[in-house]
There are 2 protein chains.
Amino acid sequence: MGPYLRGGQDLKPTAAAATPQLLRRVNAQSVLGFIRNTDVATGTELMSRTGLTRASVIAVCEDLIRRGWIRELDTRDEEQAPGPRKGRPARRFELNTRAGFVLGIDIGAATTTAAVADLRGTVIGRASGSFRATDIPAEERIDVVDRACRRALAAAGTGPEKVLAVSAGIAAPVDRDGNVLASQHFWSLFDVGLRTALKELHGWTVLLENDANLAALGERWRGSGAGVDDLVVLLAGERLGAGVMESGRLLHGRGGAAGEMGYLDLVEGVGSSDGIASLARQWSAAGGGPASGGEASARRVFEDAAAGDPGALAILDRISERMARVIASVASFINPEQVVIGGAVAESAAALLPAITALLPRFTATPPRVTVSPLGDSIVTMGAVRRALDYVEANALELALPPG
Amino acid sequence: MGPYLRGGQDLKPTAAAATPQLLRRVNAQSVLGFIRNTDVATGTELMSRTGLTRASVIAVCEDLIRRGWIRELDTRDEEQAPGPRKGRPARRFELNTRAGFVLGIDIGAATTTAAVADLRGTVIGRASGSFRATDIPAEERIDVVDRACRRALAAAGTGPEKVLAVSAGIAAPVDRDGNVLASQHFWSLFDVGLRTALKELHGWTVLLENDANLAALGERWRGSGAGVDDLVVLLAGERLGAGVMESGRLLHGRGGAAGEMGYLDLVEGVGSSDGIASLARQWSAAGGGPASGGEASARRVFEDAAAGDPGALAILDRISERMARVIASVASFINPEQVVIGGAVAESAAALLPAITALLPRFTATPPRVTVSPLGDSIVTMGAVRRALDYVEANALELALPPG
DNA sequence: GCAATATATTTAGCTTGTATCTAAATTATC
DNA sequence: GATAATTTAGATACAAGCTAAATATATTGC
């Protein structure tokens, strides 16, 4: 900058200047974004989708090849082009799906699961681990998580150096910068420990998120909320949390406690959020989840109800109304298009959907569509994978791909 | 595009290609953005703030001068530069504050107010109008609004052709595209009528918003929530609505009904949202607002309470607890940094702040800061002005400024 | 083999940037 | 009052990236 600024006040630029290189970055992102969502792309397709001229498209593609993100298919060994192919054959480009991988981790109270996915989001490795107890020290918990990651990578046939981004979900408020509130003593300790451990061991930077928020990402990506921009996911199992997407963005609030549902203590006919959580636990233990033994009893309640047993019907009615009140209170404040029930209770909740849906208009003027998550146990890991991919996609041109 | 695309599928570009002109747009926005927030700017200042070189800064400034957004101060008639000014005098640029104006409109049940502001947001004209009754036809209501706009413009010493953007707030859900839900028969009729009328009469395009949402914008701009990114404004007067900002963005939800607070019907110890609204109405009529007569009684309640009268204290306690429950239920779901009480009840609410603040921790684990709006009656118009300015600032380089 | 067709490549030119050098205007100093 | 120091202005050279248009190439169909 020369001597010009010496005399001025010590001012930092508010934003970086837009130089011609920015154009390439923008256009490369747009080309790469299209290639990500297609099988193979020709130059002509890319021209029409991006609005660029052929010269620019080719320049961008050669850039992306040099950086390792895409690959050119040279010989026409695959003769699967559909239409009548006249004219000079087009150069064909495809995503280098295995140029790197992402890691999505679900860290629960009792177990943890890590999933490895390629750049298209296909999960190619998965591993779980159990915690000896819920009150083990943070280090032990971190070690179990690390081991699950290693095993998932091994199952995927790849290694830590190929990991481009890591996202982890925990059952605690996490703000939008990925920090756990200091008041959450255990989790904030765990947070710092996890970050430093994975950084030192593998060089990874962890994107931490609340588990219900990740569930919302996952559900919108590959669940029943596909493509819905205003979506709430109720993650009910060990505890009850909500992941809220508004206009396609996750809500965090000041300290990451958005969607924490503590206010349910105040809602009539619901009981405390602890009460809901314990209800969910019982329910899950009785048949919704893999917990011990009681599967028969939950099934029996449904069977008895189907047979017209008044007691069983009353139980289901009470549960339905509680759920309806919870959904209604969320829905009338956030006005989502859809509410998805996920977590351990999801399976059981499916049977109650008609009753819940029928009750909603009594409690809210803006009843959302209500569905049950089809993602099962993997709802949080799916969201974590999506979160990590989002990061990779947003920063593709800044990330250096691992060699090989 | 030539013959290239003829053979391809009929695909539209997903995004516009980034051409060199984009650079100028980005850099011009950045320069203009800085000039907007300063009194006069020199080339050197702009260089340091934008990171551009002098040549680019000058080119951009001359562009902006040609388009009418800024102006160069030629002679140094104003010797108000602070430091020791050595060296060759700098060219000085300033915002052409009166290159155009924005119009912010508050459309209430009984009255409407229009405010005219210059490009720095300084309100330079204001006018109100009353509706003959609350159930008058949409056309009549539109006519009253139009007349208020004309008078506000006249008071500002300008005309309709100088208006760059118009924002209006109504007490109904409005989605993020500015549309009123069709189920809101009256308002959706009014909406369409207002748009077409103002378009035909003056060529304006109206940005419609929910009034509480505008209140949130206003409060964050020039109220007690200045600069707070996670902010909830409770607009309590004729009715009760919440404007929610999360991460600096307004929440709308699918149909614009986010923040509608219908769920309060379900919250224990609050009563229905109608009940809250009527409470607010009584309260306001008794002294919070400009309504007839009863000011003495509200003042008397406060005076009696100050004197230790148990009946008066009980009334205030009940109101405080209701407010605390409302705020807590919002706060524990959204987790805002701050909640602002605005609208007609604001004045009275100020006296209850300590009680409300003290009660909050009983109802929520994440109690926000609670304040009372200092904006009074103009909270919605202020937000409408901000909304219109946001539009102008985002689209400055696409807007053609009126000549003169 | 030759026309038709679709794609690839090359070349020239435009816009917008940066970097660097020289000129101008003002204050401070002797 | 001339001269040096300082700060900004303006001009020139050049690089990145895009478009547009002309030319070259590979494949299919007759």
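Proteins come first, then strands; the chains are lettered A, B, ... in the order of their sequence lines, and each starts at number 1. Reckoned from all heavy atoms, side chains included, excluding hydrogens, waters and symmetry mates.
A side-chain N or O of A:T44 and one of A:R54 form a donor-acceptor pair less than 3.5 Å apart. A donor-acceptor pair shorter than 3.5 Å cannot be found between the side chains of B:R24 and B:S56.
To the nearest 0.5 Å, atoms CG (A:N27) and OG1 (B:T19) are separated by 8.5 Å. Here the CE-CD1 distance, from B:M47 to B:I58, works out to 9.0 Å after rounding to the nearest 0.5 Å.
Closest to the A:L52 side chain, of the nucleotides D:dC18, D:dT8, C:dT7, is D:dC18. Of the listed nucleotides (C:dT18, C:dA25, D:dT19), C:dT18 has the atom at the smallest distance from the side chain of B:T53.
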Start with the C-alpha gap between B:R387 and B:L214, add the side-chain angles, then the distance that decides, and say whether side-chain contact (heavy atoms from CB on, under 4.5 Å) holds. CA-CA 7 Å; B:R387 174 78 181 82; B:L214 291 184; 3.8 Å; yes
Apply the test side-chain contact (heavy atoms from CB on, under 4.5 Å) to residues A:L250 and A:E209: give CA-CA distance (whole Å), side-chain angles for both, the deciding distance (0.1 Å), then the verdict. CA-CA 10 Å; A:L250 282 179; A:E209 251 302 350; 3.9 Å; yes
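In this model, the phosphate group of D:dT19 is approached by a side-chain N or O of A:S56 to a distance below 4.0 Å at OP1 or OP2. Not one side-chain nitrogen or oxygen of B:T19 sits closer than 4.0 Å to the OP1 or OP2 atom of D:dC18.
Along DNA chain C, the nucleotide nearest to A:I58 and the one nearest to B:V60 differ in position, and the one closer to the 5' end is contacted by A:I58. Take the nearest nucleotide of DNA chain D for B:T42 and for A:A59: the residue whose nucleotide is more 5' is B:T42. Residue whose closest nucleotide on DNA chain C sits further toward the 5' end, between A:A17 and A:R91: A:R91.
Ionic pairing of B:E45 and B:R92 is not present here: no N-O contact between side-chain nitrogen and carboxylate oxygen is shorter than 4.0 angstrom. Look at B:D230 and A:R176 and you find a salt bridge, because one of the NZ, NE, NH1 or NH2 atoms lies within 4.0 Å of a carboxylate O, short of that distance.
Rounded to a whole Å, the CZ atom of B:R54 is 13 Å from the C1' atom of C:dA24. Following rounding to the nearest Å, A:R88 (CZ) and C:dA8 (P) show an atom-to-atom distance of 7 Å. Taking atom NZ on B:K86 and atom P on D:dT3, their separation rounds to 20 Å, with Å as the unit. Atom pair A:E72:CD and C:dT7:C1' shows a separation of 12 Å (rounding to whole Å applied). In this structure, the CZ atom of B:R92 is 16 Å from the P atom of C:dA25, given to the nearest Å. Across the protein-nucleic acid pair, B:M47 atom CE and D:dA9 atom C1' stand 11 Å apart, rounded to whole Å.
In summary, of the residues considered (A:T38, A:L64, A:I65, A:L73), a side chain to side chain contact (heavy atoms under 4.5 Å, CB included) with A:F93 occurs for A:I65 alone.
Contacts between residues 62-71 of chain A and DNA chain D, counted as heavy-atom distances below 4.0 Å, involve no residue at all. Applying a 4.0 Å cut-off to non-hydrogen atoms, the residues of residues 20-29 of chain B that approach DNA chain D are B:P20, listed by residue number.
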